[in-house]
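Residue numbering restarts at 1 for every chain, and letters A, B, ... go by the order of the sequence lines.
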2 protein chains.
Amino acid sequence: MRTATAESRPRDREATRRRLLRAARELFAEHGYEGVTVRMIAAAADANLALVARYFGSKAGLFAEVLKDEPSVRQVFEGDPAGLPRRLAEYAALRMHSDPESPILRSLERSAGDPEIQAIVRDRLRNAVIEPLAALLPGPDPQARARLVTTVFIGIGTMRRLLGPEVPTEADVDRLTAVFEQALR
Amino acid sequence: MRTATAESRPRDREATRRRLLRAARELFAEHGYEGVTVRMIAAAADANLALVARYFGSKAGLFAEVLKDEPSVRQVFEGDPAGLPRRLAEYAALRMHSDPESPILRSLERSAGDPEIQAIVRDRLRNAVIEPLAALLPGPDPQARARLVTTVFIGIGTMRRLLGPEVPTEADVDRLTAVFEQALR
DNA sequence: GTGTCGAGTATACGAATGTTTACTAGCCGG
DNA sequence: CCGGCTAGTAAACATTCGTATACTCGACAC
């Protein structure tokens, strides 16, 4: 007895690889690296657990691949620099609420036990978030200010995970906007 | 051959309990709940690993006990309310740098896999940090502003863990002060 | 048709974890 | 001095994890 969805699926290496990648992205975003097992990923992708090792070398390899594919937060950075704090606040509020796209950041905040994973996460955080953001900022010490903004982002994710999602109010967004303005100044 | 420190130590239930508690506090603060094993705690306390279960029921029970004993961050809240942002910033900067006292927060940001642990952490965060802080704040919506401040704190810890400790400059502290002022307004 | 290559599978392995259990030995009251 | 309570110990247990391995079976070339 095979699972219903697995019945007579054409054998397609690339498609299976994509299913694993997709399942891994969602699970890592939800539970963090250590909160996910390769068995969970394989089950969600309706694939055999050995294929993770075959296609990605290891669980860590799959994780790195997920982060590589993840579109950066760059879209938030694009556009009118003056509106950046507001966009950051709205993005963060959305993130606080539901985080439908579940991007890189949510995965970052919880993954750190293994030093190898920590290195992967650190590089990705630097290259995909802090550096692009710092490049946008005029004035002195853009790195430090970019780190500060990222700090708030990370904190929001962790708070959301701890306290549960809360519907952000208009006042929340306004407050966050002010904080980001202050952080970017 | 026993370990050097264990040689001929008087059998003292309370003292051993305290050693375990102390070792657990330091390790949990450093590595988070899931990054610490019962064997690590027992080794650091120079005690037998079975005593954790005997004295605290379980690893989770020990963790809860650690959080219960942990002095709250309340001292930062005491004193002149006008100076609160600055004190928060200095405390956070210290935390960013070395965190010598390693209080509750550092343990919070990483511990969440098990729902039981998550509940323990959530309650403690609410009762020992957010509520006392909110009680200090005049004006509307003190809860939301207290959460925002806590968010920055949590984020700082995670960033520190990911990017490594960095020596905070005067400008960093000034910037943080401004951010906290904004968040508390 | 049939042989071969590779996608997919089932199972096992070794390590690590929290917890339990049966045991040992030190101290204290009598 | 000695008997019993108990702190402390050693070993094992059951699970779970990531990974490795030996296998099956379907599709395409010839």
With the threshold set at under 4.0 Å for non-hydrogen atoms, list the residues of residues 49-61 of chain A touching DNA chain C in residue-number order.
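Nucleic-acid contacts, sorted: A:L49, A:A50, A:L51, A:R54, A:Y55.
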Partners passing salt bridge (Lys or Arg N to Asp or Glu O under 4.0 Å) against [X] (at least two apart in sequence or in another chain):
X      : value
A:D69  : none
A:R185 : none
A:D123 : none

Calculate the interatomic distance between [X] atom [atom1] and [N] atom [atom2]; express it in whole Å.
X      : N      : atom1 : atom2 : result
B:N48  : C:dT24 : CG    : C1'   : 12 Å
B:E14  : D:dG8  : CD    : C1'   : 15 Å
A:D12  : D:dG26 : CG    : P     : 17 Å
B:E116 : C:dG18 : CD    : P     : 13 Å
A:I41  : D:dC17 : CD1   : P     : 12 Å
A:M40  : D:dC17 : CE    : P     : 9 Å
B:R17  : D:dG8  : CZ    : P     : 12 Å
A:R39  : C:dC13 : CZ    : C1'   : 11 Å

Consider the side chain of B:R11, meaning its heavy atoms from C-beta on, and name the nucleotide among C:dT17, D:dT6, D:dG18 that approaches it most closely.
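For B:R11, the side-chain atoms sit closest to D:dT6.
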Qualifying ring pair (Phe, Tyr, Trp, His ring centres under 6.0 Å) pairs, either residue in residues 163-185 of chain B, two or more places apart
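Qualifying pairs: B:F153-B:F180.
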Under 4.5 Å between any side-chain heavy atoms of B:L84 and B:E181, yes or no?
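When only atoms from C-beta onward are counted, B:E181 and B:L84 do not touch, as no gap falls below 4.5 Å.
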Quiz: residues 47-55 of chain B side-chain donor-acceptor pairs under 3.5 angstrom, not counting sequence neighbours:
| from | atom 1 | to | atom 2 | distance (Å) |
| --- | --- | --- | --- | --- |
| B:N48 | OD1 | B:A50 | N | 2.9 |

Scan B:R13 against the nucleic acid and name what it touches under 4.0 Å (heavy atoms): base, sugar-phosphate only, or nothing.
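Counting heavy atoms under 4.0 Å across all strands, the contact made by B:R13 is with sugar-phosphate only.
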Could you check whether A:D174 and A:T177, counting side-chain N and O atoms only, form a donor-acceptor pair closer than 3.5 Å?
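Note: A:T177 and A:D174 side chains miss the donor-acceptor criterion.
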Does D:dA7 have OP1 or OP2 sitting under 4.0 Å from an N or O in the side chain of B:T16?
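False: B:T16 side-chain N/O out of range (4.0 Å or more) of D:dA7 OP1/OP2.
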